[in-house]
Structures are given as C-alpha cells and as structure tokens.
A.B. asks: 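I'd like to ask some things about the structure below.
These figures come from a predicted structure and were not determined experimentally.
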Amino acid sequence: STQSTWGIAETLIYAFDVGETVIGKPDPTHPPKIEFHGLGINKRHCTITVTADHHVFIESHNNSRTAVNGTKVKGMTELFHQNRVWLGNNYAFRFCHPGFEARGEKREVDPDYFVAESEMAESTKSGAALDSMSPALRHKLADAEKKIEQANIIATDLEKDVVFSPKIFQSRQTKETDIVVHVQIGSQSLVWPWNKFNTRLADMVNVWTEWQHHESKGTTMRILDPHEDPFVDMESQLIGESDVWLNAMANMVEFAADTNILSIFGQIQGKLHVEINPCDRNGNTGPWEDDDDDLDPFVEDPNELLGKEIIFEVKLSKTELEEMIFGVDGVCKYDRIFVRYKFNSEDDLEPYSKTKELSQGFKMNFSYTNKHKIKVTKEILAHILKGRMTFQLWGNLNTKHLAPKRPGTTESAASSRLEVKKKELEALEYKVAELQRKLDQKNQLIAERNRELIELERQIALRTRKK
C-alpha cells in the first residue's frame, strides 16, 4: 500500500490499496470510500488509482478543485513522493510513497503547509505587475485572491452563474491605487468596492452553510429572495463620473459642455451635458441688460471674490449611455438612473445634491436645475481656480436581468459565457471602429492641410514669377 499524509502534525493519514479509491462528500447513492466535508468538495470529487506495478494516479471529476503542487489536475496525473495535493478549499496533503522515494522529489526537508499554500497562491495570482506594487497593496492583492477564490468555489457549489475576479485601479481623485472586484453575473458585469465584496462574502458563506445542511439531509434548499441573495445585487451601481473644472467660475462666467462619463478604469461610458452658470446677487442668471450692468457678477481678478458670497446654478440635461456597452438584448441594463454631485468631492461633510431617478433607456433628460450659495474663503478660491466638480452617474440593474436561480436548476453557464464573450467582442469592434473613424478624420485633416500647403506654395510661386 501507499500513503498520503499532511499537516505539520500529520494527524491525517490515508492508505491506498491497489485499485480505485473514490474521494468526495457524503453521497447516499454512491458512497465514496473516503469522505470529506467542506468548501469546494464535490460528490465523487476525485479518484486515486494504484496500479499493480506501484504507480499512483489522481483524477479529478466534475470540474472539482483538485491540484497537485499548485497545478489544477486535468485528466490522470501521476503522483510522486513528496507531492502536495489540494482537495477543495481546505484540505492539503503530502503524498508519501514508501519504498519508491527515488521516483519522487529530492528534498532535504519535508514540504510543509506553507510550501503548499505558496504554490496555490502562485497559481491563482491575477497576473498583475507585482514588482511595481507597494508591499501593502501586494499583501492586499494576495488576500483578495484567496477570498475571491473562496467566493468562486461557493458560486460553483451553489450553481450560481457568477464569476469574481480582482481588478486594480487608480482613483482619479486621490491617485491612490486600490483593489475592486469585477463581478460577472451571467451576461452582466459589475464592479464592487472591496468593502462591499467582503460583506457579501460573509453572506455567501452563510448561504453555503445552509445549502450544505440541506445537502447532507437530502432536502431541497429554499429559493432565496433577491434581497437576501448575496449573488444578486439590487443596490445602486456607480456607472461612471464626469469632471468639470471650475476655473471659469473664478471670473464668474458661464460654462457648458457635453462631458465624458468615465468608468473607474477610465473607459468612456457615455455623455452628460453640464452647465454651471454664475448668478447675480438676486440669484438670477444672465444675460444682463446694460441697465443691469451692476448686477453682472463677472470679475477680472478672482481675488475680488474673497470674502463674498457667490451664487451659481448647476443644470444637468441630456445624458446618453453607450448602447454597445450597456445594451442587453436591446434593453439598457440600468434603470432608476440618477446623478449626484458635490461642490468639493473631497469634503466628506458636504452632502450630495441629487437628481430625480429616470428609467428611459440609453437616452434621458434630467431637466435638473439647482442653485448653490457659498462664501469664498482662500480654500474655496483655491478649489475654484484649480479644482473640479465630479458628477457621478448611478443606476440599478434592470430587474429583467435579476431573476433568482435555484441551486441545481441553473441554465448552462457555457451559453451565458458565450454571450458575454460576444458582447465583449461587439464592444471591442465598436471601439476599433471608433478609433478608425477618428483616424480617418485626422487623415482627412492632414490631407486638407497638405492641399492648403500646396496651394500656398503655388501662390508663392506665381508671385515670384510676376516679380
């Protein structure tokens, strides 16, 4: 017989005889020879096969989480003395092959848990450039990858069509680098802040524990209400942000523009029309007649505003989202869309101003007007001269895409993954077409400049001949 042992204390020892040994969670219909409970353990999780000539093989079943030396097992994999074997999320073993140590790894010291854990961490790392990260961010990413892997195992066990992955981004406001979690829910994609993911993970573990209880008793788990299902997100989502620089206000002149709505990763999500108009002391906007010239708030020197109360008006109107990004079967994936903003987004004490919520698809008009009064201090003037207002666009996932799925009755995840890839391809093709359009415009502009240059050279040549 051969042995597989694990742990610093090596308290678990399993011996395998010639033939096949099935390992898995309890199954009354087809009981495994070795039973394990816990996260990531499936029914008929894997088999260990010992041949007559003393070779030992491990085979994973049902796409289970089975790994050797940190590498996921695909097909029959031969085990050698001192190999590290992972089953599920929590079980780690060291394979021992008495009498056949020469076939195995040559190690002076037996590999311990930390060796096995580092191998698993290496195999699941996100591929980000670790060398360029701070030690704190590197540690946070390593912790994130473990927790995200746990969430993905739970999603697989519960047959949820959800995939989590870590993303690194740089805040446009603070320029600090941090981690968020990309969530692929069927054909939908969301981004969760790290704190939100952590809270939801605790809820996922509770749901998994309840599901495990029903599995052990052979009963069916209840269908969760969407509001209590941690895999269903009915909270408002940050779609993107638009920035408006305030330097026009330093002279109390009007500003109006169709601003880009940018995701936290800097991708254009759509357009938002923003106006910031100065008001006179009575709270009215221009234009001002000659007789009311003394009401015109225009100043040549921004320092003239110091110590004064100024009034300005914010107007938000036409908003358009990119249909190629937000369209799902011709329907906008967000509804109940609104905009919120502050005069200074870095002031935690300042409350947000908010528009009404709209559910009008890809194009909408907020028809929003609000007037603000502030007293100009040195700090306020500095913000006006060099700062910006950030307008955040929020929305809720369209309820048509939030139907709960019962564990065990999920539709084929493969088809939904294919749809996701199609959408990604369409979005990429759209971006390529947009880049090509811009390139064509630049080429056309260059051609026009060349024609102008040729015409100028022709005129110079004619004048030279006349002389």
Side-chain angles (χ1 to χ4, degrees), residues 22-47 60-67 72-73 86-92 120 124 143-166 181-190 192 195-235 397 399 401-417:
V22 177
I23 299 173
K25 67 167 53 174
D27 183 0
T29 307
H30 303 286
K33 188 171 182 179
I34 298 177
E35 291 185 356
F36 288 127
H37 301 263
L39 198 59
I41 298 294
N42 299 341
K43 293 178 180 178
R44 192 171 171 79
H45 188 94
C46 67
T47 54
S60 175
H61 304 295
N62 304 315
N63 196 32
S64 68
R65 186 173 189 261
T66 305
K72 184 176 176 63
V73 170
W86 274 90
L87 303 180
N89 201 52
N90 301 315
Y91 293 97
M120 292 301 292
T124 58
D143 180 57
E145 287 169 337
K146 291 179 185 177
K147 291 184 176 180
I148 286 170
E149 184 180 21
Q150 182 181 14
N152 283 326
I153 291 172
I154 293 174
T156 300
D157 280 353
L158 299 180
E159 297 185 356
K160 295 287 187 178
D161 192 10
V162 181
V163 178
F164 302 95
S165 57
V181 179
H182 178 265
V183 187
Q184 191 69 43
I185 307 177
S187 59
Q188 303 278 21
S189 62
L190 303 172
W192 285 355
N195 290 339
K196 179 174 181 176
F197 170 78
N198 260 332
T199 301
R200 293 245 170 180
L201 178 58
D203 295 335
M204 293 175 202
V205 172
N206 291 335
V207 171
W208 183 88
T209 302
E210 182 182 347
W211 168 82
Q212 181 77 355
H213 174 75
H214 285 283
E215 280 282 294
S216 64
K217 291 185 174 294
T219 56
T220 302
M221 183 177 170
R222 64 192 175 90
I223 297 178
L224 296 175
D225 182 86
H227 290 281
E228 61 176 338
D229 189 337
F231 295 94
V232 175
D233 193 347
M234 302 187 72
E235 299 174 0
L397 277 182
T399 53
H401 308 293
L402 288 176
K405 295 183 179 181
R406 186 183 203 141
T409 61
T410 305
E411 298 175 359
S412 171
S415 61
S416 63
R417 293 290 189 277

A.B. asks: Minimum heavy-atom separation for Ser64 and His45, please, with both atom names.
C.D. replies: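 Residues Ser64 and His45, closest heavy atoms: OG-O, 2.8 Å.
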A.B. asks: Can you tell me how far CG of Asn206 sits from CD of Glu228, rounded to the nearest 0.5 angstrom?
C.D. replies: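 It comes to 11.5 Å.
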A.B. asks: Has Asn62 got a side-chain atom pairing as donor or acceptor with Lys43's backbone, closer than 3.5 angstrom?
C.D. replies: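 Yes, Asn62 side chain to Lys43 backbone: donor-acceptor pair under 3.5 Å.
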A.B. asks: Please report the shortest heavy-atom distance between Val232 and Pro226, naming the atom on each side.
C.D. replies: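 Answer, listing the atom of Val232 first, then Pro226: CB-O, 3.8 Å.
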A.B. asks: Per the side chain to side chain contact (heavy atoms under 4.5 Å, CB included) rule, which among Leu201, Ile154, Val181 passes with Phe164?
C.D. replies: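 Answer after filtering Leu201, Ile154, Val181: Val181.
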A.B. asks: When rounded to the nearest 0.5 angstrom, what is the spacing between OH in Tyr91 and CH2 in Trp86?
C.D. replies: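 Separation between the atoms: 12.0 Å.
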A.B. asks: Could you go through Phe231 and Val183, starting from their C-alpha distance and side-chain angles, then the distance that decides it, and tell me whether this counts as side-chain contact (heavy atoms from CB on, under 4.5 Å)?
C.D. replies: CA-CA 9 Å; Phe231 295 94; Val183 187; over 6 Å; no
A.B. asks: Pair His214, Thr220 - check side chain to side chain donor-acceptor pair (under 3.5 Å), show working.
C.D. replies: CA-CA 6 Å; His214 285 283; Thr220 302; over 6 Å; no
A.B. asks: Quick check for you: to the nearest 0.5 Å, what is the distance between Leu190 atom CG and Gln184 atom CD?
C.D. replies: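 It is 8.5 Å, given to the nearest 0.5 Å.
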A.B. asks: Ignoring hydrogens, what is the shortest heavy-atom contact between Pro230 and Arg200? Give both atom names and the distance.
C.D. replies: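 The pair with the smallest heavy-atom distance is O-NH1, 3.0 Å.
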A.B. asks: Would you say Glu210 and Met221 make side-chain contact, with heavy atoms under 4.5 Å?
C.D. replies: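 Contact flag for Glu210/Met221 side chains = yes.
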A.B. asks: Quick one about Asp157 and Trp208 (side-chain donor to acceptor, distance below 3.5 Å, no hydrogens or angles considered), yes or no?
C.D. replies: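 On atom types as modelled, these side chains qualify, holding a pair under 3.5 Å.
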A.B. asks: Between Thr199 and Asn195 (side chain of the first, backbone of the second, donor and acceptor by atom type, cut-off under 3.5 Å), is there such a pair?
C.D. replies: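 Such a contact is found between Thr199 side chain and Asn195 backbone.
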A.B. asks: Return the minimal non-hydrogen interatomic distance between Arg44 and His61, and the atom names on each side.
C.D. replies: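 Arg44 and His61 have their closest heavy atoms at O-CB, 3.2 Å.
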A.B. asks: Which heavy atom of Leu87 sits nearest a heavy atom of Ile23, and at what distance?
C.D. replies: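 Closest pair (atom of Leu87, atom of Ile23, distance): CD1-CG2, 4.1 Å.
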A.B. asks: Could you check if a side-chain atom of Val163 sits within less than 4.5 angstrom of a side-chain atom of His182, using non-hydrogen atoms only?
C.D. replies: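 A side-chain contact is absent here, since even the closest heavy-atom pair is not under 4.5 Å.
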A.B. asks: Please list, one pair per line, the donor and acceptor atoms closer than 3.5 Å that link side chains of residues 30-37 to other protein atoms, with sequence neighbours excluded.
C.D. replies:
none

A.B. asks: Check the pair Lys147 / Asn198 against side chain to side chain donor-acceptor pair (under 3.5 Å), numbers first and verdict last.
C.D. replies: CA-CA 8 Å; Lys147 291 184 176 180; Asn198 260 332; 3.3 Å; yes
A.B. asks: Under the criterion side chain to side chain contact (heavy atoms under 4.5 Å, CB included), which of Ile41, Leu39, Asn89, Val73 is the partner of Arg65?
C.D. replies: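 Single side chain to side chain contact (heavy atoms under 4.5 Å, CB included) partner of Arg65 among Ile41, Leu39, Asn89, Val73: Asn89.
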A.B. asks: From His227 NE2 over to Met234 CE, what is the distance, rounded to the nearest 0.5 angstrom?
C.D. replies: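 Nearest 0.5 Å value for the NE2-CE distance: 4.0 Å.
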A.B. asks: Any chance you could measure Asp161, atom CG, to Thr156, atom OG1, to the nearest 0.5 Å?
C.D. replies: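 Taking CG in Asp161 and OG1 in Thr156, the distance rounds to 10.0 Å.
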A.B. asks: Work out which heavy atom in Asp233 is nearest to a heavy atom in Trp192; give both atom names and the distance.
C.D. replies: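 Minimum heavy-atom separation between Asp233 and Trp192: OD2-NE1, 2.6 Å.
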A.B. asks: Could you check if a side-chain atom of Asn63 sits within less than 4.5 angstrom of a side-chain atom of Lys72, using non-hydrogen atoms only?
C.D. replies: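 Yes - at least one pair of side-chain heavy atoms lies under 4.5 Å apart.
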A.B. asks: Please enumerate all residues that pass side chain to side chain contact (heavy atoms under 4.5 Å, CB included) together with Thr209, with sequence neighbours excluded.
C.D. replies: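 Scan of Thr209 (side chain to side chain contact (heavy atoms under 4.5 Å, CB included), adjacent residues dropped) gives Val205.
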